[in-house]
Amino acid sequence: MLDVLMTFLVLQAAQVNFVVGSHVWIEDPEVAWIDGEILEVNGEEIKVDCTSGKTVVAKASNAYPKDPEFPPCGVDDMTRLAYLHEPGVLHNLKCRYDINEIYTYTGNILIAVNPFRRLPHLYDNHMMEQYKRAAFGELSPHPFAIADYAYRLMVNEGISQSILVSGESGAGKTESTKMLMRYLAYMGGRAATDGRSVEQQVLESNPVLEAFGNAKTVRNNNSSRFGKFVELQFDGRGRISGAAIRTYLLERSRVCQVSDPERNYHCFYMLCAAPPEDVEQYKLGNLRTFHYLNQSNCYELDGVDDSKEYLATRKAMDIVGIGSNEQEAIFRVVAAILHLGNIEFTKGTETDSSEPKDEKSRFHLKTAAELFMCDEKSLEDSLCKRVIVTRDETITKCLDPDSATVSRDALAKIVYSRLFDWIVNKINNSIGQDPDSKHLIGVLDIYGFESFKTNSFEQFCINLTNEKLQQHFNQHVFKMEQEEYTKEEIDWSYIEFIDNQDVLDLIEKKPGGIFALLDEACMFPRSTHETFAQKLYQTFKDHKRLSKPKLSRSDFTISHYAGEVTYQTEHFLDKNKDYVVAEHQDLLSASKCSFVSGLFPPLPEESSKSSKFSSIGSRFKQQLQALLETLSVTEPHYIRCVKPNNLLKPAIFENNNILQQLRCGGVMEAIRISCAGYPTRKPFHEFVSRFGILAPDVLFGSCDEITACNRLLEKVNLKGYQIGKTKVFLRAGQMAELDACRSEVLGRSASVIQRKVRSFLARKNFVMLRVSAIQIQASCRGQVARYQYECMRREAASVKIQKHYRMCLARNAYQKLYSSAVLIQACMRGMDTRNELKFRKQTRAAIIIQSQCRKYLACHCYLRVKKAAVTTQCAWRGKVARRELRKLKMAAKETGALQAAKNKLEKQVEELTWRLQLEKRMRADLEETKTQENAKLQSALQEMQLQFKETKELLVKEREAVKQAAEQAPIIQEVPVIDHEMINKLTTENEQLKALVNSLEKKIDETEKKFEETSRLSEERLKQSLEAETKIIELKTAMQRLEEKLSDMETEDQILRQQTLLTSASRRMSEHLGISVAEPKENGHHEPPSAMISKKFGVSDSKLRRSQIERQHENVDSLIKCVSQDLGFSDGKPVAAFTIYKCLLHWKSFEAERTSVFDRLIQMIGSAIEDQDNNDHMSYWLSNTSTLLFMLQRSLKATGTAPRKPPTPTTLFGRMTQGFRSSSANLSVGPIDVVRQVEAKYPALLFKQQLTAYVEKIYGIIRDNLKKDLSPLLASCIQAPRTSRGNILKSSGGSNGNSPPANPWSSIIDNLNGLLCTLRKNFVPPVLVQKIYTQTFSYINVQLFNSLLLRRECCTFSNGEYVKSGLAELELWCCQAKEEYAGSSWDELKHVRQAVGFLILSVQQLHRICTLYWDDNYNTRSVSPDVISSMKILMTDDSNDDDNSSFLLDDNSSIPFSVDDISSSLQDKKYSDVKPPEELIENPAFQFLQD
């Protein structure tokens, strides 16, 4: 099929007629394809000047045309390429890869090139939000777009979807699969019961599956050696309801056979690097000692720590629901497999028998049996013997060493395969499947086409899978082509579809396919790989797809769609066998470990004693058929992953490697299918804009785009094209013909332009010379005129100087005469004035002396009269006061009794205090004496001990001296001499010392007893002192209570006195005025003042407090009920906030330790803002809460920071007295400002914090409501509305009759104005309005700028003009709204405003804009390729920094203000003129609001 493709491309190239100056692609052995310009055309040969600098001669049939207008950043969809061929596809992928655009479409097929670097900005939540519900192809290519398209098809049409991710090892299939599942979970995910979503559980299972199913290969350090199909199940509402993981064809042979430099599965190396206790538990050692691991010299991977990976895998197993006991059993089985591999066999004692080779093999045999928890002898027999069951008897057959080794490897492979299947099933059970799911989206992560130097059975199965999937892919691509042609209503019946069914029949057809012959050979015991190969040669000797290599006797070659692959059949038979040996089955099913026995459930009776054969190939075909059946009932989507280089490094693009992968991935086959029909498809407006210069007369007149395209194609005499409903379809080679004609027209036009330009330059030169001559003449004439003028000016100046000099002399003489006359006059007038002043001073002094004398006489007379009047008044007032004092003494007798009791208690307290101090002093003296005695006794004891030690040392020394003397003295046996005196003396001293020691011990005992008695006495006295302190505290408490009662009585006495004085004064005033003070009762008696006072203040404290609390609750209820309504504003200030603050201040709630009023207010505010969609309501409460917060900010001070105030009275009368004093003080001072500072307790500070949170919440609601209103309008603001003819067709005949849509920029302005009016109407603080609009404009900037970077069609000249006009409207709005409300909103649009000027953008953003921008009017690009290449170099230098790699902007949704900002905004407002609500003023309890 590859030959067919290349032949087709050659024929396509042969159809093009090249001319000198054409740009072409030619083959190159190093870079596959290289571009250049044709210098000469000699028949079938062309001479090309390549861009590499060399000149090449090639055949015209091997060259392909190059698009001279190819964009430097490539195209998003390769079906839009002007020339759809192999070099064009390769060049497009390379251009996009160079700018980190790793995704490209081919129709609806996504090609992903592995960047081998982190690109986090491509996969964040903001990017997912951009692709959410976006039309397919509207944004840049991305896996999110594929996932979104599949999800929307599933939800809208009710069809299950599948996404097939393929590519060779290391191409990034697993990462692409993760991105797809992240997006699908983002669209339809919901939390699972344990807090993790289904998608998260599936992703968390990846480390486990990679540990047991991935290994290092030649091409990839973490290659998946199995296929994986993840099913995400959805319910009827499009929510994820379950998931399942299906695996295919685990490479079991890798367990026993590993080629260098590959590795076995990761789990073996992880277990050998486990913590020491685990290694010791499983009796593991150095991994280089295990046969299954040391077949390769690669034991470690760069950058991978197997010990950390082991712990991470254990953690992942915990997450997916594998318990600790199950984990231990899993790794015990893995360790047992390693020990199995080290069992070696040698010939036994019997014929053709075998046994373990040595003690080392027996140790591993024993360890494996312990880990499997089975009998060691049974394990040995299952490896070295076979039981054959016949009709009459059972025969036991011994195996030779080679057969025993094969049996050992078979056991290891089947155990590992069962273990892997168990892990997959456990993960599926943990995730949970939904049997009632309506639809599913499957993500297939499958191995790509493989062709190595040595290709075995695994590559054969893998390539069969790819052949099957390629057939499915070809049918899907052909179906898409049919749908495209049908939608455009063009004829496509002649297009042929080349199928690969013959290859599939060769491999899997029954009964004559390769798999059938392989199964047949496996069932015959004496068959070998050579007999199998000979059978293949004989059966398919005439088949065009299978051939025999010349230098091999057992290999065969199959011509796949991606190329020829030669397979080695040495291990085909062994790897295809899938039977379970009966002895192995019986051994492990009888294991004492429930986990191991669960891996091998008992077989039926009829098969328990025989080895049942099954084929890996047949089982794999069944799985593959089930997969294809699943895919056939779903709508497929394809992602082809490509590995750009084998070094696994970034910024390296190997052309030959890429081409091979594109062929293996079927991309070139899809292009072939597209080229078989109409590979070039251009929308009408693009076709007319590009080729309109071929027939300019066609564009003028009343014709639409379709008619213009028809006339243009007829004008150039092109055949074989077709006109669809929206596009022009051209056959292969026709685009090159049109480009050649276009180049010819452009060449002629260039000649005309050059002629005109040269004429213009010559005329410009002549005009410049003429102007220069005129300027020289004018300069000369001007010089002569200036000289004459200078002479005339000097003559006039000399005359003027003479005139002024004469005038100066005359003026000086006059001024001297004038000053002399003035001086004489001044002296005469001064003397006369001084005489007059002296006379006036004398007259004034006489008058002052007379007035002082008269004042003294009048003052002396007044003082005598005043003294007599004061004496009379004092006598009368004293008489009246003595009369009132007698009455008050009667009332104060009870107070005197209380004072006496108080004095008595004070005396008792003083006496007890004196006793306590005396007791403390005595105890201190006693303790001091005791301490001194103890110190003396201890010192005496120490001295005695020292004396005793010294005496003992003397005795020891004397004894040693005696011994030495005895040793030195000569031995005289006949006459023994004994010094009895010395002995008696020493004995006496010894007894004295013993007596002294005894006496010291007795003294020490007596001292300890005294110390214990003293300690006991001190403890008793301490208890007594503590009891005394307790009594003192109780007495003090009682005294404080009495003092409070006394203070209450004194307060009451003061009130009674004040009342009495007021009553007496009023009586005197009434007697003077003749008016009665108290009204008479019905019985004619007057109530005395004392009775009135007792009725008013005689109520108990408890009743007064209870009634006060009830009244307080009633007042709070009234306040809550009132402020819950819309009270409006008074002089621009919120009435509700003022009312709440005034009430809290009057009730002294800020100073209360416990109160419920703050909780009631918070609940009221929370219930009031439930209607979040009403911006008017939200603005009203934002104004009230922010104003109340401002007043609290100015008023509240934490306790301890305010200046000291008198202590708050604890009694009722004390608080009343303080209230009277404060009220009188307030009345005396006059009106003050409403806001004043108070000491705040914890509830008030907590209320302030809660109120701050509500201000931020209401602010966020209003801001988000505005963003939500603007979001649908911004999508229309980025792209100018396109007319039916564009700017090319000059007539209006093609325009439709529908009215143009409303201008979205005007709608945005309306929304901004509407919210501004609402905020101003509710008097929201200007700082909050500024922040709302600043963040909104930042949101507009982010959305518009990111859309520019994500949508290629938006980076055009006309769209730039459209956005610029819209930004001008926003600037005008900012000017009209003024800085008070708009603030710095206009500055937030800096990225969009400067996107064309490139003033503030990063290197990545500049490069992105430059590569995307084009002039849609003239179809040209404005940025030089040199500039783009320079920016590319800078971008590559900074690419290592992940933070700088993002070219998108993020929306900031934080709270941009603080309480201090609000306070500074409202600092100048006064609240004393706010009118309280009428509803509360009518209530007597709220009369203080009017003060």
Side-chain angles (χ1 to χ4, degrees), residues 822-893 895-896 899 1047 1050-1079 1086 1088-1090 1092-1093 1203-1206 1214 1216-1233 1236 1470 1472 1490-1491:
V822 170
L823 180 62
I824 293 171
Q825 292 175 0
C827 291
M828 296 299 294
R829 292 170 181 166
M831 184 176 63
D832 186 37
T833 304
R834 281 190 291 274
N835 293 332
E836 181 69 20
L837 177 62
K838 183 177 180 181
F839 173 75
R840 289 184 179 181
K841 284 183 178 181
Q842 292 175 355
T843 305
R844 184 178 179 184
I847 294 171
I848 290 172
I849 292 170
Q850 294 175 359
S851 64
Q852 290 295 328
C853 180
R854 292 168 184 164
K855 183 182 76 170
Y856 170 75
L857 295 175
C859 182
H860 182 69
C861 181
Y862 167 75
L863 288 175
R864 283 187 299 175
V865 174
K866 179 181 177 182
K867 184 176 180 181
V870 168
T871 302
T872 305
Q873 292 176 356
C874 288
W876 174 250
R877 289 171 182 168
K879 182 179 179 181
V880 173
R882 282 190 293 274
R883 187 188 308 157
E884 296 297 330
L885 180 61
R886 284 193 296 271
K887 295 180 181 180
L888 291 174
K889 283 183 178 180
M890 297 298 294
K893 285 183 179 181
T895 304
Q899 185 67 31
S1047 63
E1050 291 176 353
T1051 305
E1052 184 179 3
D1053 191 12
Q1054 288 180 357
I1055 293 172
L1056 290 174
R1057 288 180 180 180
Q1058 292 176 2
Q1059 189 71 23
T1060 304
L1061 290 174
L1062 290 173
T1063 304
S1064 61
S1066 62
R1067 283 180 179 175
R1068 288 194 302 272
M1069 186 64 66
S1070 62
E1071 289 174 359
H1072 181 70
L1073 299 175
I1075 302 174
S1076 176
V1077 175
E1079 294 181 4
H1086 291 277
S1090 61
M1092 293 173 62
I1093 294 172
R1204 297 190 60 182
K1205 297 169 60 178
M1216 292 176 63
T1217 304
Q1218 187 178 13
F1220 290 150
R1221 292 171 181 172
S1222 62
S1223 62
S1224 61
N1226 290 340
L1227 289 173
S1228 63
V1229 172
I1232 62 172
D1233 191 14
R1236 63 175 183 270
K1470 299 295 182 182
S1472 57
Q1490 289 183 316
D1491 295 341

Rounded to the nearest 0.5 angstrom, the CG-CE distance for Asn835 and Met831 is 7.0 Å
Q) Could you go step by step and tell me if Lys887 and Glu884 meet the side chain to side chain contact (heavy atoms under 4.5 Å, CB included) rule? A) CA-CA 5 Å; Lys887 295 180 181 180; Glu884 296 297 330; 4.1 Å; yes
So CD of Gln850 and CZ of Arg854: to nearest 0.5 Å the spacing works out to 5.0 Å
Do the non-hydrogen side-chain atoms of Cys861 and Leu857 ever get within less than 4.5 Å of each other?
no
In this structure, OG1 of Thr872 is separated from CZ of Arg877 (nearest 0.5 Å) by 11.0 Å
Rounding to 0.5 Å, atoms OG1 (Thr833) and NZ (Lys838) come to a distance of 15.0 Å
